[in-house]
Structure formats: structure tokens, C-alpha cells
Colleague: 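What follows is a single structure, and I will ask about it in a moment.
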Amino acid sequence: MENGEAASPVPRVGVAVFLLRGKSVLLGRRRSSIGDSTFALPGGHLEFGESFEACAARELKEETGLDIDKVELLTVTNNLFQEPKPSHYVTVFMRAFLADPHQVPENLEPHKCDGWDWYDWDNTPKPLFSPLQKMVEEGFSPFPSGWN
Ligand code: 8DG
Ligand code: MG
Ligand code: MG
């Protein structure tokens, strides 16, 4: 039995990262039992003892090979998923920038993602992963105020 899959289910903590470049954010199409084939941010599960910033940097490195900089907390959302079985994530959304603007994302976990690309936040690809879709509908912006 894996962590978080106990007989009595518990909420888990996800950390998702808005990696910003100009007006765009990095998104990839998920290959996962939760939100399969929807576009989502890079991110993953908070490990025991880990800071949000360290988790963001680790997941970015593992999933895309990118090094990030200026990592900060944006918001937290509470997410319930019914399929493929009930699960509950408290998701911490971070913002970050490329440490080296010349670095290019690589798809390092092709079993979990179809590939990474930059998408204009004003014109996101469809379908978005449900927690992200909800944020778009609520008018959420990951950009610093006065950005562009
Ligand atoms: P890990 O084994 O690398 O720790 O986990 P992962 O396979 O990378 O986990 P994940 O599903 O990518 O992220 C963990 C959870 O975070 C995800 O199942 C639900 C929550 N989550 C959201 N929104 C987003 C998002 O936009 N991107 C990602 N990656 N996770 C998100 O609620
Ligand atoms: Mg991961
Ligand atoms: Mg992930």
C-alpha cells in the first residue's frame, strides 16, 4: 500500500508551480489516473520535512530539468477528485522564474506527461486540469502586479 492510499483515506499536499516567462506559463498534458490528458502545471507531492520552495525546485528539476529562481507562495486550494477513486489534495501554488532564461524544458517523465511547452495565460490550452480550470474561471493571475 502506497503512502496516501491507506484504508482510511487522508488529504495529501500537492505543490504546483507557475513557472513564468513573459506572459506565458509552462504546462504539460498529464498522463495520470487523476486528470489524465488535461493540461497542468509541473509539480508533485510534498515530502516529509520539505519546504514548499524546496518541493517546487525538486519537482521542476525531476519533471523538466529546469532550475528555478525567485520561488514564492501564491495561493492554496482545496481539491476533491472523484475519479478514478475519491482523493483529496490541498494544493499549494507557487510562482517561479527560470534561473537561466536559455534553459529549455525536457520531458523527463514521459510516462507522466506528454511534454512541456509555454502557453499564454490569456489563452490556455484545453482541457485544463480541473484545479487550474477553476482558477482561470475565477480570474486568478499568477503574474506579479504590474507585470507586462
Ligand atoms: P511525485 O511522485 O513526483 O511526488 O508526484 P507527481 O506524480 O509528480 O504528482 P502530481 O500528480 O503531478 O501532483 C500531485 C497533486 O497535486 C496532483 O495529483 C493534484 C495536485 N495538483 C493540483 N493542481 C496541479 C497542477 O496543476 N499540477 C500538478 N502537477 N499537480 C497539481 O491540484
Ligand atoms: Mg513529480
Ligand atoms: Mg507531477
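Atoms within a ligand are numbered from 1 in the order they appear, just like the ligands themselves.
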Colleague: Return yes if some donor-acceptor pair links the side-chain N/O of D114 with the main-chain N/O of S37 below 3.5 Å, else return no.
Modeller: no
Colleague: Please determine if the Mg ion (ligand 2) has an N/O/S atom from E63 lying under 2.8 Å away.
Modeller: yes
Colleague: In the protein, what heavy atom is nearest to atom 7 (O) of ligand 1, and what distance, to one decimal place, separates them?
Modeller: K112 NZ, 2.8 Å
Colleague: Step through the shown structure and confirm whether more than 12 heavy atoms of other residues, nucleotides or ligands are within 6.0 Å of CZ on F81.
Modeller: yes
Colleague: Are E138 and K134 close enough for a salt bridge, meaning some N to O gap below 4.0 Å?
Modeller: no
Colleague: Are F93 and L128 joined in one hydrophobic group, where the rule is that I, L, V, M, F, W and Y side chains link up if heavy atoms are under 4.5 Å apart?
Modeller: yes
Colleague: Considering S33, C113, A16, G44 one by one, which has a heavy atom nearer to atom 13 (O) of ligand 1 than any of the others?
Modeller: G44
Colleague: Establish, from distance only, whether the side-chain atoms of T91 and N79 form a donor-acceptor pair under 3.5 Å.
Modeller: yes
Colleague: Just wondering, is there an N, O or S atom on E59 that's nearer than 2.8 Å to the Mg ion (ligand 3)?
Modeller: no
Colleague: Among all protein heavy atoms, pick out the one at the shortest distance from atom 32 (O) of ligand 1; state its residue, atom name and that distance to 0.1 Å.
Modeller: T91 OG1, 2.7 Å
Colleague: For H102, I'd like to know if atom NE2 has over 12 heavy atoms of other residues, nucleotides or ligands within 6.0 Å.
Modeller: no
Colleague: Any nitrogen or oxygen of V15 lying under 3.5 Å from a nitrogen or oxygen in ligand 1? Just yes or no.
Modeller: no
Colleague: What are the atoms of ligand 1, with element, lying closer than 4.0 Å to any heavy atom of P131?
Modeller: 22 (C), 23 (N), 32 (O)
Colleague: When you measure from atom 31 (C) of ligand 1 to every protein heavy atom, which one gives the shortest distance, and what is it?
Modeller: F129 CE2, 3.6 Å
Colleague: Which of the numbered atoms in ligand 1 are under 4.0 angstrom from any heavy atom belonging to G14?
Modeller: 16 (O)
Colleague: With backbone taken as N, CA, C and O and side chain as the heavy atoms from C-beta onward, which portion of R30 lies under 4.0 Å from ligand 1: side chain, backbone, both, or neither?
Modeller: side chain
Colleague: Take the angle between the ring planes of H45 and Y89 and call it parallel below 30°, perpendicular above 60°, tilted in between.
Modeller: tilted
Colleague: Look at R58 together with E50 and state whether they make a salt bridge at an N to O cut-off of under 4.0 Å.
Modeller: yes
Colleague: Would you confirm whether R95, through its side chain, and P142, through its main-chain N or O, come within 3.5 Å as a donor-acceptor pair?
Modeller: yes
Colleague: Where is the nearest protein heavy atom to atom 5 (O) of ligand 1: which residue, which atom, and how far?
Modeller: H45 ND1, 2.8 Å
Colleague: Could you check whether any heavy atom of E63 sits closer than 4.0 Å to an atom of ligand 1, since that is the contact criterion I want to use?
Modeller: yes
Colleague: Return the closest protein heavy atom for atom 29 (N) of ligand 1 as residue, atom name and distance.
Modeller: L41 O, 3.0 Å
Colleague: For E109, state whether at least one heavy atom is located under 4.0 Å from any atom of ligand 1.
Modeller: no
Colleague: Could you tell me which atoms of ligand 1, counted from 1 in the order shown, lie closer than 4.0 angstrom to a heavy atom of E59?
Modeller: 1 (P), 3 (O), 4 (O), 8 (O)
Colleague: Between ligand 1 and G43, is the shortest N or O to N or O distance under 3.5 Å?
Modeller: yes
Colleague: Are the aromatic ring centres of W121 and F39 under 6.0 angstrom apart?
Modeller: no
Colleague: How does N79 reach ligand 1, by side chain, by backbone, by both or by neither, if only non-hydrogen atoms under 4.0 Å count?
Modeller: side chain
Colleague: Got a salt bridge between D36 and R30, using NZ or NE/NH1/NH2 to carboxylate O under 4.0 Å?
Modeller: no
Colleague: Assess P42: does it contribute an N, O or S atom lying under 2.8 Å from the Mg ion (ligand 3)?
Modeller: no
